[in-house]
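Here is the structure we will look at.
The model shown is predicted, which means the values in this text are computed figures rather than measured ones.
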Amino acid sequence: MAKGRQDHQDHLAAVQLLGKSVSKRAGFRCEWCDGDQELRLWEYQPEQEPSEANLALICQGCRELLASKKPDPRRLRSLRNALWSEVPAVAEGVAVLLSRCHESWVREAIEESFIDEALKERLLP
């Protein structure tokens with residue numbers, strides 16, 4: 001087996017080991033919108049070592065928003081509260097998604113959040 005493939009398999013296994021604790025932290029609800037449909041682990045920064053801080057439990061609807069190039073601003077409003085999470089994968093992950101929307105409330109919400117200042121500057125030029 002190629003080394004890259006083995007590294008990928010090892011990474012996925014490490015992520016899965018954290019799944020139960022992340023799910024408990026999330027109360028078995030989406031950490032972005034509080035939904036409960038088709039929950040899955042999502043890695044905020046997959047190039048880093050798996051950790052609870054880098055993982056969020058998110059629902060199918062939020063994964064669809066992530067995949068969209070122009071997410072619907074009305075659907076994004078429900079994610080605003082996630083900006084106040086102490087978990088980077090939750091707060092910063094939502095901030096990255098929200099920053100794709102150019103409505104004034106998005107800028108204000110990100111500016112008021114507790115996310116890293118360097119990330120704020122990158123998201124809000």
Inset, instruction - Quick one: list whatever passes salt bridge (Lys or Arg N to Asp or Glu O under 4.0 Å) with Glu121, sequence neighbours left out. - result: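 If we apply the salt bridge (Lys or Arg N to Asp or Glu O under 4.0 Å) test to Glu121, skipping adjacent residues, there are no hits.
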Legend entry - All salt bridge (Lys or Arg N to Asp or Glu O under 4.0 Å) counterparts of Glu111, not counting sequence neighbours: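 Applying salt bridge (Lys or Arg N to Asp or Glu O under 4.0 Å) to Glu111 gives Arg107.
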Inset, instruction - Output all residues satisfying side-chain hydrogen bond (donor to acceptor under 3.5 Å, both in side chains) with Arg25, sequence neighbours left out; order by chain, then residue number. - result: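 Per chain and number, Arg25 pairs via side-chain hydrogen bond (donor to acceptor under 3.5 Å, both in side chains) with Glu31.
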Legend entry - Side-chain donor/acceptor of Ser113 to backbone N/O of Ile110, under 3.5 Å: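 Side chain of Ser113 to backbone of Ile110: a pair is present.
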Inset, instruction - Please confirm whether the backbone N or O of Arg63 pairs with a side-chain atom of Arg40, one donor and one acceptor, at under 3.5 Å? - result: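 Not at all, since once roles are kept as given, no pair shorter than 3.5 Å links the two residues.
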Going from [atom1] on [X] to [atom2] on [Y], what distance comes out if it is rounded to the nearest 0.5 angstrom?
X	Y	atom1	atom2	answer
Leu124	Leu119	CG	CG	8.5 Å
Leu97	Cys62	CG	SG	8.0 Å
Arg29	Asp34	CZ	CG	4.5 Å
Ser21	Leu57	OG	CG	11.0 Å
Lys20	Phe28	NZ	CZ	8.5 Å
Ser85	Glu92	OG	CD	10.0 Å

Inset, instruction - Could you point out which residue of Glu49, Gln48, Glu43, Gln16 forms a side-chain hydrogen bond (donor to acceptor under 3.5 Å, both in side chains) with His11? - result: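 The residue from Glu49, Gln48, Glu43, Gln16 that satisfies side-chain hydrogen bond (donor to acceptor under 3.5 Å, both in side chains) with His11 turns out to be Glu43.
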What closest approach, in Å, do [X] and [Y] show between heavy atoms, and which atom pair accounts for it?
X	Y	answer
Trp42	Ala89	CZ3-O, 3.4 Å
Leu83	Ile115	O-CG2, 4.3 Å
Leu65	Arg100	O-NH1, 3.7 Å
Cys33	Leu79	CB-CD2, 3.6 Å
Val94	Ala82	CG2-CB, 3.6 Å

Legend entry - Other residues, nucleotides, ligands: >12 heavy atoms within 6.0 Å of Glu86 CD: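 No - once you tally the heavy atoms of other residues, nucleotides and ligands closer than 6.0 Å, there are 12 at most.
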Legend entry - Side-chain touch Leu39/Cys30, heavy atoms, less than 4.5 angstrom: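 Side chain of Leu39 against side chain of Cys30, heavy atoms only: contact under 4.5 Å found.
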Inset, instruction - Check whether any side-chain heavy atom of Trp105 lies under 4.5 Å from a side-chain heavy atom of Leu98, and answer yes or no. - result: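 Trp105 reaches Leu98 side chain to side chain.
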Legend entry - Same cluster (ILVMFWY, side-chain, under 4.5 Å), Tyr44 and Leu123: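 Yes: a chain of side-chain contacts under 4.5 Å links Tyr44 to Leu123.
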Legend entry - Audit row: Val106, Leu76, side chain to side chain contact (heavy atoms under 4.5 Å, CB included) steps and yes/no: CA-CA 9 Å; Val106 170; Leu76 292 175; 5.6 Å; no
Inset, instruction - Would you please test Ile58 and Leu66 for side chain to side chain contact (heavy atoms under 4.5 Å, CB included) and show each step? - result: CA-CA 10 Å; Ile58 64 174; Leu66 269 172; 3.7 Å; yes
Inset, instruction - Step by step, work out the side chain to side chain contact (heavy atoms under 4.5 Å, CB included) result for Asp36 and Cys59. - result: CA-CA 6 Å; Asp36 63 358; Cys59 68; over 6 Å; no
